[in-house]
Amino acid sequence: MKKKVVVGMSGGVDSSVAAYLLKEQGYDVIGITLRMSPDDDETIENEGGCCSLSAVEDARRVCDRIGIPFYVLNFKDIFKEKVIDYFIDEYMVGKTPNPCIACNKHIKFDALLRKARGIGAEYVATGHYAKIVEEDGRYLLIKSDDDKKDQTYALYNFTQDQLEHTLMPCGEYTKDKIREIAKEIGLAVHNKKDSEEICFIPDNNHGRFILEAKPGKIKPGNFVDKEGNVLGKHKGIVYYTIGQRKGLGLSLGRPVFVTDIRPKTNEVVIGPEEDIFKTDLLAKDVNFIPFDNLQSELKVTAKVRYSARPAEAVLYPEKNGKVRVSFKDKQRAITKGQSVVFYDGNIVVGGGIIEKIL
């Protein structure tokens, strides 16, 4: 009997080709698109977004083309709770969250996997650029063969059970090859541009989005230096992130950057660029993949944002499962709420949420 796999279809080229490749490999493939948009007006389209009405129709056409069944599931409530509300709440306390990491953790590889099992599927699959391998009875997450498109930074929360029941066929291809395959099999999405905005914020204006969600809650406050001297007025802490230079509206005669955000006093701290370079941080909500817990210090490479290059670091276990990360060289703009992800070569060791800069 063919093993059944549910493919999360975003309407983009990667998940479309993932579905095709799995069908070619002999799986019983079902395409599913998740309706996650908070807007109940189905006539409003977030063009290019992974949960838009146009994305649903693109996914439906792909499934018709490759000959697999297609369904749409309503995940709006859980998406609002686990991703949107989390995103807003983190910004309100001066942090900069990554909604894609939250979505992968709670929606795509938890809620969707449970739904897939409920209809008798053994696997879920996505178009992510990453690889899963088994070694000595342990499942490992490995960087994609296309280093430029590797998405492991956003996937470090996998459990062993989830890895065992997840397929990522695009991880062994380059993006150019995926587009080539899509064109060869006649998929109209072969040249569809990648979505880079936050899917639930069509104009990518997160400040406006939070202001509409929390009317009256965002208060102007003071820009201050690290000694507390007032330098000017800011429009609300949700509009700023560590390392930011543009959009501050300050004329101080020298380049200045956001170096800290103090939600208790509603202050945004401003300083020179050297003040945003740090070596140590504390991470919470840490997940490890090759092993369950960190027992002693461990040398790794790590990165503090998706676009960063992995840099040499040492992990130290702390109380309550937290981990101190000490980089060999100073890292630019380590930001509370973002994730730090650990690697051993191409193997993902794990990661966690940056709680504090030390």
Side-chain angles (χ1 to χ4, degrees), residues 1-34 50 55 58-73 104 107-110 112-152 154-155 158-192 194 289 346-348:
M1 180 184 293
K2 290 182 179 180
K3 291 183 177 179
K4 187 179 292 185
V5 54
V6 165
V7 181
M9 305 285 288
S10 69
V13 65
D14 301 321
S15 57
S16 299
V17 173
Y20 167 77
L21 291 171
L22 291 170
K23 186 185 180 189
E24 290 297 295
Q25 291 169 20
Y27 289 95
D28 179 8
V29 181
I30 300 170
I32 287 182
T33 293
L34 306 181
C50 63
D58 284 344
R60 189 190 309 278
R61 283 190 288 268
V62 167
C63 290
D64 286 345
R65 179 73 183 183
I66 63 179
I68 63 172
F70 174 72
Y71 303 95
V72 179
L73 300 182
N104 288 335
I107 310 298
K108 294 175 182 173
F109 303 109
D110 182 15
L112 180 58
L113 178 56
R114 284 188 273 114
K115 181 69 73 173
R117 283 172 160 162
I119 60 172
E122 190 166 338
Y123 300 100
V124 294
T126 66
H128 283 99
Y129 286 84
K131 296 191 291 185
I132 298 168
V133 301
E134 183 185 5
E135 286 187 8
D136 301 323
R138 191 90 186 182
Y139 288 89
L140 302 176
L141 181 65
I142 309 292
K143 282 185 177 182
S144 164
D145 285 355
D146 188 341
D147 193 55
K148 292 179 181 178
K149 296 300 295 183
D150 175 66
Q151 293 174 296
T152 53
L155 297 168
F158 269 114
T159 66
Q160 285 295 300
D161 179 63
Q162 290 167 347
L163 286 169
E164 183 179 357
H165 296 281
T166 299
L167 303 173
M168 293 182 174
C170 293
E172 298 185 14
Y173 296 86
T174 64
K175 179 75 177 198
D176 288 344
K177 183 61 179 176
I178 291 295
R179 289 196 181 279
E180 185 181 312
I181 292 170
K183 187 174 183 180
E184 287 174 355
I185 62 176
L187 299 186
V189 297
H190 71 87
N191 61 355
K192 187 176 181 179
D194 292 338
I289 294 176
N346 287 329
I347 299 171
V348 179

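This one's a predicted model, so the numbers in the text were calculated from it and none came from an experiment.
Between the Lys4 side chain and the Ile30 main chain, no donor and acceptor come within less than 3.5 Å of each other. Between the Asn104 side chain and the Leu155 main chain, no donor and acceptor come within less than 3.5 Å of each other. Judged purely by atom type and a 3.5 angstrom limit, Thr33 has no side-chain atom pairing as donor or acceptor with the backbone of Val72. With Asp145 contributing its side chain and Tyr173 its backbone, the two residues share no donor-acceptor pair below 3.5 Å. Lys23 places a side-chain N or O within 3.5 Å of a backbone atom of Ile66 that can act as its donor or acceptor partner.
Remark: Leu22 CG to Lys2 NZ distance equals 12.0 Å, nearest 0.5 Å. In this structure, OG1 on Thr159 lies 11.0 Å from CZ on Phe109, to the nearest 0.5 angstrom. For the atom pair Cys63 SG and Arg65 CZ, the distance stands at 13.0 Å (nearest 0.5 Å). Rounding to the nearest 0.5 Å places CD of Glu135 at 6.5 Å from CD1 of Ile142. Rounded to the nearest 0.5 angstrom, Asp64 CG and Phe70 CZ are separated by 9.0 Å. From His128, atom NE2 reaches atom CG of Asp14 across 9.5 Å, with rounding to the nearest 0.5 Å.
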**Asked** Step by step, would you call Asp150 with Thr152 a side chain to side chain donor-acceptor pair (under 3.5 Å)?
**Response** CA-CA 6 Å; Asp150 175 66; Thr152 53; 2.7 Å; yes

**Request:** Please lay out, stage by stage, how Leu140 and Ile132 fare under the test side-chain contact (heavy atoms from CB on, under 4.5 Å).
**Result:** CA-CA 6 Å; Leu140 302 176; Ile132 298 168; over 6 Å; no

**Request:** Evaluate the criterion side-chain contact (heavy atoms from CB on, under 4.5 Å) for residue pair Val6 and Leu112; output intermediate values, then yes/no.
**Result:** CA-CA 9 Å; Val6 165; Leu112 180 58; 4.2 Å; yes

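The two residues Ala55 and Lys192 come nearest to each other via the heavy atoms CA-NZ, 4.4 Å. The two residues Ala18 and Gly127 have their closest heavy-atom pair at CB-CA, 4.2 Å. Considering every non-hydrogen atom in both Gly171 and Ser144, the closest pair reads O-OG, 3.5 Å. Of all heavy-atom pairs between Glu172 and Lys131, the closest is CG-CD, 3.5 Å.
Counting heavy-atom neighbours within 6.0 Å of Asn191 CG, excluding the residue itself, gives a total above 12.
Residues Tyr20 and Val62 fail the side-chain proximity criterion, which asks for heavy atoms closer than 4.5 Å. Contact check for Gln160 versus Glu164: no side-chain heavy atoms found under the 4.5 Å cut-off. For the pair Lys108 and Leu113, the minimum side-chain heavy-atom distance is 4.5 Å or more.
The side chain to side chain donor-acceptor pair (under 3.5 Å) search around Arg138 returns Asp292, not counting sequence neighbours.
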Distance-only check: which donor-acceptor pairs under 3.5 Å involve side-chain atoms of residues 114-124, not counting sequence neighbours?
unit_1	atom_1	unit_2	atom_2	d
Arg114	NE	Asp110	OD1	3.0
Arg117	NH1	Asp161	OD2	3.1
Arg117	NH2	Asp161	OD1	2.9
Arg117	NH2	Asp161	OD2	3.1
Arg117	NH2	His165	NE2	3.2

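By the 4.0 Å N-to-carboxylate-O rule, Asp194 lies close enough to Arg179 to be salt-bridged with it.
Residue Tyr129 is tested with Lys148, Lys143, Gln151 for a side chain to side chain contact (heavy atoms under 4.5 Å, CB included); the sole match is Gln151. Between Ser16 and the choices Ile185, Val189, Val7, the side chain to side chain contact (heavy atoms under 4.5 Å, CB included) rule is met once, by Val189.
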